[in-house]
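Input: a single structure, listed below in structure tokens.
Model, not experiment: these values are computed from the prediction. Keep in mind that the numbers below use all heavy atoms, side chains included, and drop hydrogens, waters and symmetry copies. Residue numbers run from 1 in the order of the sequence given.
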Amino acid sequence: MISVFYLPGRVCSTKAIKEIAEKTTEKYTMICLKPEIEWVYLGQERMIQVLEMSGATMVYADHFAKINDVVTEAPVIDYQIGALRDDFDFGAVLLWDTAKLKSIVAQMDTEYEFAGLYDLRLRAEKLEHIPEYLYYEVETDTRKSGEKLFDYVDPRNRQVQIEMEACVTAHLKRIGAYLKPGEYKELPVTGNPYPVTASVIIPCKNRARTIADAIHSALNQKVREGYSFNVIVVDDNSTDGTKEIIQEIANSQELRAKSLIYIAQDKTWHAIGGNWNVAIHDPRCGMYAIQLDSDDTYFDETTVQKFIDAFAGLEPEQDIHAAPRYGMVIGTYQLTNMAGEILPPGVIDHREWTDDNGRNNALRINGLGAPRGFYVPLLRTINYPTTKYGEDYAVGLRISRDYPIGRIYDVLYNCRRWEDNSDANCDIVAMNRNNWYKDRLRTWELQARLK
């Protein structure tokens, strides 16, 4: 009744998928992505039952993970049309309706070396999640979530990423959600004069250990004559001494401290997105808003000027106040520890963002890069979602739909990894919540593009 095949993970060739479709002879085809699967009593029968009842093309299920003989729950999340990331976690067992599988494979007209399974599931009409624990799988990747986070931008995986991009681009064209290169709306006019050219925005909450480093990194920026900047720190009700550190810097006799603006939030819900909204709508905010997280630092004193030049499309040292060309500019960062030592994979330049296809590929990847700069007149019409995760991705997706995004490939930013990063070591519940939310953002964006 079931033909069972084993694949070495999510990355496989189209040839392997076609061989499975050719060899399977039973009504159902089970693809296992890990070699060691142990079944809960009647687990396979339950998957078949749900596949028949739902009329799905493929079903997948919650399961248990075994790590060094320790068993933990490993729930997965519902699939939605915006679940376009190539690392979507179905678990290790995929049960397919064989007739539907063969029909899909017959339409697979591109030979991929790495994106075969990705192509297959993007073409599937209905993928059904069974929220029941039906099997055990042996987990071999025991790294913390923060250590896995940057796998997709590791230069060693570049060829895989190129294929995955080609695959999702073809999918978007099939369903009518592809955006052609160069078809953009005009940026809004600036309106009233801005008090400074650029503002560095630092939202924070309970960052007593790192906030001083971030603020001094921003205050140390240098811009050419004719340009100006300030630093806006938004404190979201810190209780660990962060507020006092900010005020001490603001009240110091240093001349540069005069450009520091402190905003204390009220007691309502803000999160990172809400803190950004308060900053960009403040009348003291500049025409460009440049990101700096409260536990990171700029690479050197040139970051702000490089953003200003990039927005206007200026060459270095060209002192012309040109109208902006981009709604958003994304820089390049390097991973470091708190001592400034480089961590693997080192420099993260998000080469998957390209002028001709970046805004399509943005629906596949889980982040658009950092640091980020925004054209404030545009950002004020969009605003951040009031959330503490995925807020930057939501804004980037929205801008990319209608406006061009610029890139800077110089290292501008030190992304410092430490135990208090929000994604340093998420448990499965937090990871699922975060991944579901970003999939939801992609779903909404995909629906808007389909219109």
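- Separation of atoms SG (C204) and CD1 (I215) is listed at 7.0 Å; rounding is to 0.5 Å.
- With contacts defined as side-chain heavy-atom distances shorter than 4.5 Å, the pair L292/Y413 qualifies.
- Nearest heavy-atom pair, R85 versus I77, reported as atom, atom and distance to 0.1 Å: NH2-CD1, 3.6 Å.
- You'll find the ring centres of F90 and F88 inside the 6.0 Å limit.
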Checklist line | Candidate pair E419 and R209, rule salt bridge (Lys or Arg N to Asp or Glu O under 4.0 Å), full reasoning | finding: CA-CA 12 Å; E419 66 277 5; R209 179 176 170 184; 2.9 Å; yes
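- Taking 4.5 Å as the limit, every side-chain heavy atom of M164 sits out of range of all side-chain heavy atoms of Y112.
- We find the OG1-OH distance between T332 and Y409 to be 7.0 Å, quoted to the nearest 0.5 Å.
- The number of heavy atoms from other shown groups lying within 6.0 Å of CD (E186) does not exceed 12.
- A side-chain donor from one of Q80 and R440 sits under 3.5 Å from a side-chain acceptor of the other.
- Here the side chain of D300 pairs a donor or acceptor atom with the backbone of T302 at under 3.5 angstrom.
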Check: Going through the distances and angles, do Q161 and R351 end up as a side chain to side chain donor-acceptor pair (under 3.5 Å)?
Finding: CA-CA 10 Å; Q161 295 303 311; R351 292 281 171 178; over 6 Å; no
Note to self: Show, in sequence, the C-alpha distance, side-chain angles and deciding distance for N337 and E341, and conclude whether the side chain to side chain donor-acceptor pair (under 3.5 Å) test is met.
What the structure shows: CA-CA 6 Å; N337 59 23; E341 299 167 330; 2.7 Å; yes
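- Residues R433 and W436 form no side-chain contact, since every pair of their non-hydrogen atoms from C-beta on lies 4.5 Å or further apart.
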Next item on the list: I would like to know whether E137 and K66 meet side-chain contact (heavy atoms from CB on, under 4.5 Å); could you show each step before the answer?
Entry: CA-CA 6 Å; E137 65 177 57; K66 280 188 174 182; over 6 Å; no
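- Within a 6.0 Å sphere centred on CD of Q447, other residues, nucleotides and ligands contribute more than 12 heavy atoms.
- Neither side chain, N432 nor N435, offers a donor N or O lying under 3.5 Å from an acceptor on the other.
- For the 3.5 Å distance criterion, the side chains of T242 and D235 fail to qualify, holding no donor opposite an acceptor.
- Seen from the ring of Y403, R401 does not count as a face-on cation partner, given the 6.0 Å and 45° thresholds.
- A donor and an acceptor atom, one from each side chain of N383 and R398, are nowhere located under 3.5 Å apart.
- Residues passing the salt bridge (charged side-chain N to carboxylate O under 4.0 Å, His left out) test with K185 are D402, sequence neighbours excluded.
- Taking the six-membered ring for Trp and the full ring otherwise, the centers of Y60 and H129 sit less than 6.0 Å from each other.
- Residues N206 and D236 form no side-chain contact, since every pair of their non-hydrogen atoms from C-beta on lies 4.5 Å or further apart.
- Electrostatic pairing of D309 and K306 does not count as a salt bridge here, judged by no charged N lying under 4.0 Å from a carboxylate O.
- For the pair I201 and A289, the tightest heavy-atom approach, listed with the atom from each and the gap, is CG1-CB, 3.9 Å.
- A salt bridge does not link E445 with K438: none of the charged nitrogens is closer than 4.0 Å to a carboxylate oxygen.
- Scanning all heavy atoms of the two residues, the minimum distance from P377 to M287 falls at CD-O, 3.7 Å.
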Note to self: Quick one, R372 with V329, criterion side-chain contact (heavy atoms from CB on, under 4.5 Å). Give me CA distance, side-chain angles, the key distance, then yes/no.
What the structure shows: CA-CA 6 Å; R372 296 167 289 275; V329 171; over 6 Å; no
Notebook entry, point to check: Which is it for L117 and I17 under the side-chain contact (heavy atoms from CB on, under 4.5 Å) test, yes or no, and what are the steps along the way?
Noted result: CA-CA 7 Å; L117 185 58; I17 298 299; 4.1 Å; yes
Note to self: Checking H270 against N277 for the side chain to side chain donor-acceptor pair (under 3.5 Å) test, could you report, in this order, the C-alpha distance in whole Å, the side-chain angles of both residues, the deciding distance, and whether it holds?
What the structure shows: CA-CA 9 Å; H270 302 288; N277 287 336; over 6 Å; no
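- Judged by distance alone, the side chains of Y178 and R449 never bring a donor and an acceptor atom under 3.5 Å apart.
- Shown are Y326, F307, Y375; of these, the side chain to side chain contact (heavy atoms under 4.5 Å, CB included) with Y288 is made only by Y375.
- With respect to the salt-bridge test (charged N to carboxylate O, under 4.0 angstrom), the residues E111 and K18 qualify.
- To the nearest 0.5 Å, atoms CD1 (I246) and CD1 (I202) are separated by 8.5 Å.
- Between the side chains of H171 and D119, no donor N or O sits under 3.5 Å from an acceptor N or O.
- Taking CD of Q305 as the start and OG1 of T197 as the end, the distance is 8.0 Å to the nearest 0.5 Å.
- V200 is not listed as a side-chain neighbour of N230, based on a closest heavy-atom distance of 4.5 Å or more.
- Exactly one residue among D293, T210, D213 makes a side chain to side chain donor-acceptor pair (under 3.5 Å) with R416. That residue is D213.
- Side chains of Y133 and E73: a donor-acceptor N/O pair is present below 3.5 angstrom, by distance only.
- Counting non-hydrogen atoms of neighbouring residues, nucleotides and ligands closer than 6.0 angstrom, the CG atom of D78 exceeds 12 such neighbours.
- When only modelled atom types and interatomic distance are considered, N414 and T297 share a side-chain donor-acceptor pair under 3.5 Å.
- Using a 3.5 Å distance cut-off with no hydrogens or angles, the side chains of Q291 and D392 do not pair a donor with an acceptor.
- Looking at V233 and I261, their side chains never come closer than 4.5 Å, going by heavy atoms from C-beta outward.
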Item checked: Stepwise ring pair (Phe, Tyr, Trp, His ring centres under 6.0 Å) test for F374 and W276 -> CA-CA 11 Å; F374 302 94; W276 261 89; 5.7 Å; yes
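- Annotation: the span from Q221 atom CD to S259 atom OG amounts to 10.5 Å, rounded to 0.5 Å.
- For the atom pair CG (N366) and CG (D87), the distance works out to 6.0 Å, reported to the nearest 0.5 Å.
- Between K205 and D295, none of the side-chain N atoms (NZ, or NE/NH1/NH2) sits under 4.0 Å from a carboxylate O, so this pair counts as no salt bridge.
- Using modelled atom types, one finds no donor on one side chain facing an acceptor on the other under 3.5 Å when comparing N251 with Q247.
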Checklist line | Steps toward side-chain contact (heavy atoms from CB on, under 4.5 Å) verdict (L84, L172) | finding: CA-CA 10 Å; L84 298 176; L172 294 174; 4.2 Å; yes
Note to self: Go through it in stages, so that I can follow the logic: the residues are R380 and D282, the test is salt bridge (Lys or Arg N to Asp or Glu O under 4.0 Å), and I'd like the CA-CA distance, side-chain angles, deciding distance and then a yes or no.
What the structure shows: CA-CA 10 Å; R380 285 176 173 172; D282 191 285; over 6 Å; no
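- Residue C12 comes nearest to L7 through the heavy atom pair SG-CD1, 3.9 Å, listed as atom of the first residue, atom of the second, then distance.
- Within the 4.5 Å cutoff, the side chain of V168 has heavy atoms near those of the Y118 side chain.
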Note to self: side chain to side chain donor-acceptor pair (under 3.5 Å) for T169 and N360? Distances and angles first, verdict last.
What the structure shows: CA-CA 6 Å; T169 302; N360 294 301; 5.8 Å; no
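- With a 4.5 Å cut-off on side-chain heavy atoms, Q265 and V278 count as touching.
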